Engineer: 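Just dropping this structure here.
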Amino acid sequence: MKYWLLKSEPNVWSIHQQKKNGIKGVVWDGVRNYQAANNLKKMKKGDLCFFYHSNIGKEIVGIVEVIKKAFIDPTDNKKKFVAVIVRFKKMLKKTVTLENIKKNKDLMHLSLIKQSRLSVMPIDTKSWKILNKMSNINK
DNA sequence: GCCAACGTTGGC
DNA sequence: GCCAACGTTGGC
């Protein structure tokens with residue numbers, strides 16, 4: 001199983017809306033960047049993704065699960081880009097802010113920090129574990 | 001195929 | 001609101 005991070009501006013699409021959508025999940029479409037699209041293509045059913053709020057909050061707020069692997073994005077007329085379907089999994093007990101991620105030397109290599117504009121990125125297992133641990137600090 | 005101009009994202 | 005970083009477009 002692989003781990004990922006998905007970015008969304010909460011005033012466009014937030015984790016709360018994702019949660020309301022419940023078990024049927026949501027089509028994650030609109031990605032128009034090759035690097036992000038390539039990451040979407042690598043996703044498999046059952047993979048887990050951190051849900052990150054960009055611009056407002058700048059923090060990881062929850063986890064979603066991939067329930068359908070990449071298919072042609074229905075909103076892309078040229079049929080070049082892909083979408084996946086993700087389902088709400090859980091909210092983090094404590095959100096993990098970008099500020100705190102930057103403070104951790106073991107997380108400095110993440111694309112979240114190095115490539116601030118990338119909206120879909122892989123998270124290695126070690127980093128996934130660290131971030132999960134950080135989210136449980138104030139249980 | 002290069003690169004200047006322009007557009008977009010997202011942190012600050 | 002500004003701007004750095006980076007992706008895309010279009011003229012040559």
Side-chain angles (χ1 to χ4, degrees):
Chain A
M1 192 210 292
K2 287 208 162 58
Y3 302 105
W4 309 91
L5 182 143
L6 294 172
K7 268 188 195 172
S8 183
E9 291 186 50
N11 54 351
V12 177
W13 181 256
S14 74
I15 186 82
H16 307 291
Q17 288 166 283
Q18 181 79 43
K19 189 179 180 184
K20 266 185 215 157
N21 238 274
I23 58 164
K24 63 181 190 288
V26 165
V27 178
W28 201 270
D29 58 18
V31 172
R32 294 292 182 271
N33 168 286
Y34 286 105
Q35 209 181 335
N38 279 335
N39 288 330
L40 285 181
K41 284 178 192 169
K42 288 181 205 153
M43 287 184 183
K44 291 205 177 74
K45 191 178 172 183
D47 282 359
L48 297 177
C49 316
F50 280 129
F51 195 112
Y52 177 84
H53 279 175
S54 64
N55 282 311
I56 301 164
K58 281 166 283 181
E59 57 192 0
I60 299 170
V61 289
I63 293 174
V64 295
E65 179 186 355
V66 178
I67 57 171
K68 190 171 194 298
K69 67 173 184 178
F71 53 96
I72 297 290
D73 185 339
T75 68
D76 179 18
N77 296 330
K78 291 179 180 170
K79 303 188 192 314
K80 280 200 293 192
F81 293 98
V82 295
V84 296
I85 295 182
V86 293
R87 177 170 68 192
F88 176 80
K89 183 102 173 162
K90 66 169 187 174
M91 302 293 284
L92 296 188
K93 291 197 177 92
K94 179 178 185 294
T95 61
V96 181
T97 63
L98 181 63
E99 194 185 357
N100 282 332
I101 293 169
K102 281 184 170 173
K103 281 180 189 159
N104 191 321
K105 284 196 192 88
D106 293 328
L107 300 173
M108 287 305 284
H109 65 285
L110 292 181
S111 309
L112 187 68
I113 293 163
K114 295 181 130 184
Q115 277 180 277
S116 64
R117 292 182 56 194
L118 188 61
S119 62
V120 182
M121 67 194 77
I123 301 286
D124 60 282
T125 305
K126 194 182 166 201
S127 300
W128 177 270
K129 282 180 183 163
I130 294 171
L131 290 164
N132 263 293
K133 204 176 269 182
M134 287 167 80
S135 78
N136 278 328
I137 289 170
N138 292 341
K139 245 178 217 177

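Everything numeric in this text was worked out from a predicted model, so none of it was measured. Below, chain A is the first sequence line, B the second, and so on; all start at residue 1.
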Engineer: Can you tell me if A/Tyr34 touches the phosphate of C/dC6, counting only side-chain N or O atoms and a distance under 4.0 Å to OP1 or OP2?
Structural biologist: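 No.
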Engineer: Does a salt bridge link A/Arg32 with A/Asp73, judged by any charged N lying under 4.0 Å from a carboxylate O?
Structural biologist: yes
Engineer: Round to a whole Å and report the spacing from CZ of A/Arg117 to C1' of B/dG7.
Structural biologist: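 In whole Å, B/dG7 C1' and A/Arg117 CZ are 9 Å from each other.
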Engineer: Between P on B/dC12 and CD on A/Glu99, what's the gap in Å once rounded to a whole number?
Structural biologist: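 The distance from CD of A/Glu99 to P of B/dC12 comes to 9 Å, rounded to the nearest Å.
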Engineer: Can you check the A/Leu98 CG to B/dT9 P distance for me, whole Å?
Structural biologist: 18 Å
Engineer: Rounded to whole Å, how long is the line connecting atom NZ of A/Lys7 with atom P of C/dC6?
Structural biologist: 12 Å
Engineer: Would you kindly give the CG-to-P distance between A/Leu6 and B/dT9, to the nearest whole Å?
Structural biologist: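 So the two atoms are 16 Å apart, to the nearest Å.
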Engineer: Output the rounded distance in Å from CG (A/Asn33) to P (C/dC6).
Structural biologist: 12 Å
Engineer: So which nucleotide from C/dG7, B/dG10, B/dG11 ends up closest to the side chain of A/Lys102?
Structural biologist: B/dG11
Engineer: Quick one about A/Thr97 and A/Glu59 (side-chain donor to acceptor, distance below 3.5 Å, no hydrogens or angles considered), yes or no?
Structural biologist: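 Result is no, nothing qualifies.
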Engineer: Side chains of A/Tyr52 and A/Lys58: any donor to acceptor distance under 3.5 Å?
Structural biologist: no
Engineer: Please state how far atom CD1 in A/Ile113 lies from atom C1' in B/dT9, giving the value in whole angstrom units.
Structural biologist: 17 Å
Engineer: Among the nucleotides B/dC12, C/dT8, C/dG7, which one has an atom lying closest to any side-chain atom of A/Lys58?
Structural biologist: B/dC12
Engineer: State which of C/dT8, C/dG7, B/dG10 makes the closest approach to the side chain of A/Asn55.
Structural biologist: B/dG10
Engineer: Roughly how many Å is it from CZ in A/Arg32 to C1' in C/dT8, rounded to a whole number?
Structural biologist: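 Going from CZ in A/Arg32 over to C1' in C/dT8 covers 14 Å.
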Engineer: Could you tell me if A/Lys90 sits above the aromatic ring of A/Phe88, with its cationic atom closer than 6.0 Å to the ring centre and no more than 45 degrees from the axis?
Structural biologist: no
